[in-house]
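Remember, predicted model here, so these are calculated numbers, not experimental data. Numbers here simply count residues along the sequence, with the first being 1.
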Amino acid sequence: MPASKDAVPSENAREAYEMSSEQTTMSGPVHLTLPVGDPDPVAGCRQCLGVAVARANARSVGDYSKATDANVVLRTHLREDHGAE
């Protein structure tokens, strides 16, 4: 492809060099932590047991979204009703 009438070949080369010398990589890597394990139900609490059973049933049929939702419900219950953190 011929250079445009207005551009001088040395200018085109300089522009190409400047474009190629820009940093194109992202900043440093992202460090992720390991996932938190499943919360344990409190012995003798019917609500804890119900949520734990629902979680196990969801996993047994491959519904990991529902199992995760059960973990959220159980953590909320543990924090609000049993004082867990």
To check you understand the geometry: which heavy-atom pair defines the closest contact between C48 and P41, and what is its length? CB-CB, 3.5 Å
Going by side-chain heavy atoms closer than 4.5 Å, which hydrophobic residues are tied to V51, directly or by a chain of links? V42, V73, L74, L78
Apart from V53 itself, what residues make up its hydrophobic cluster when side-chain heavy atoms of I, L, V, M, F, W and Y under 4.5 Å apart count as a link, directly or indirectly? L49
For residues 47-58, which residue pairs pass the salt bridge (Lys or Arg N to Asp or Glu O under 4.0 Å) check, not counting sequence neighbours? none
How would you list all residue pairs meeting salt bridge (Lys or Arg N to Asp or Glu O under 4.0 Å) that involve residues 32-43, not counting sequence neighbours? D38-R59
Please identify each residue that fulfils salt bridge (charged side-chain N to carboxylate O under 4.0 Å, His left out) with D63, with sequence neighbours left out. none
Name all residues meeting the salt bridge (charged side-chain N to carboxylate O under 4.0 Å, His left out) criterion together with R75; count only those two or more places apart in sequence or in a different chain, and write none if there are none. none
Quick one: ring-ring contact (aromatic ring centres under 6.0 Å, His included) pairs with a partner in residues 39-79, sequence neighbours left out? H77-H82
With sequence neighbours left out, write down each residue that passes side chain to side chain contact (heavy atoms under 4.5 Å, CB included) with T68, or none if nothing qualifies. none
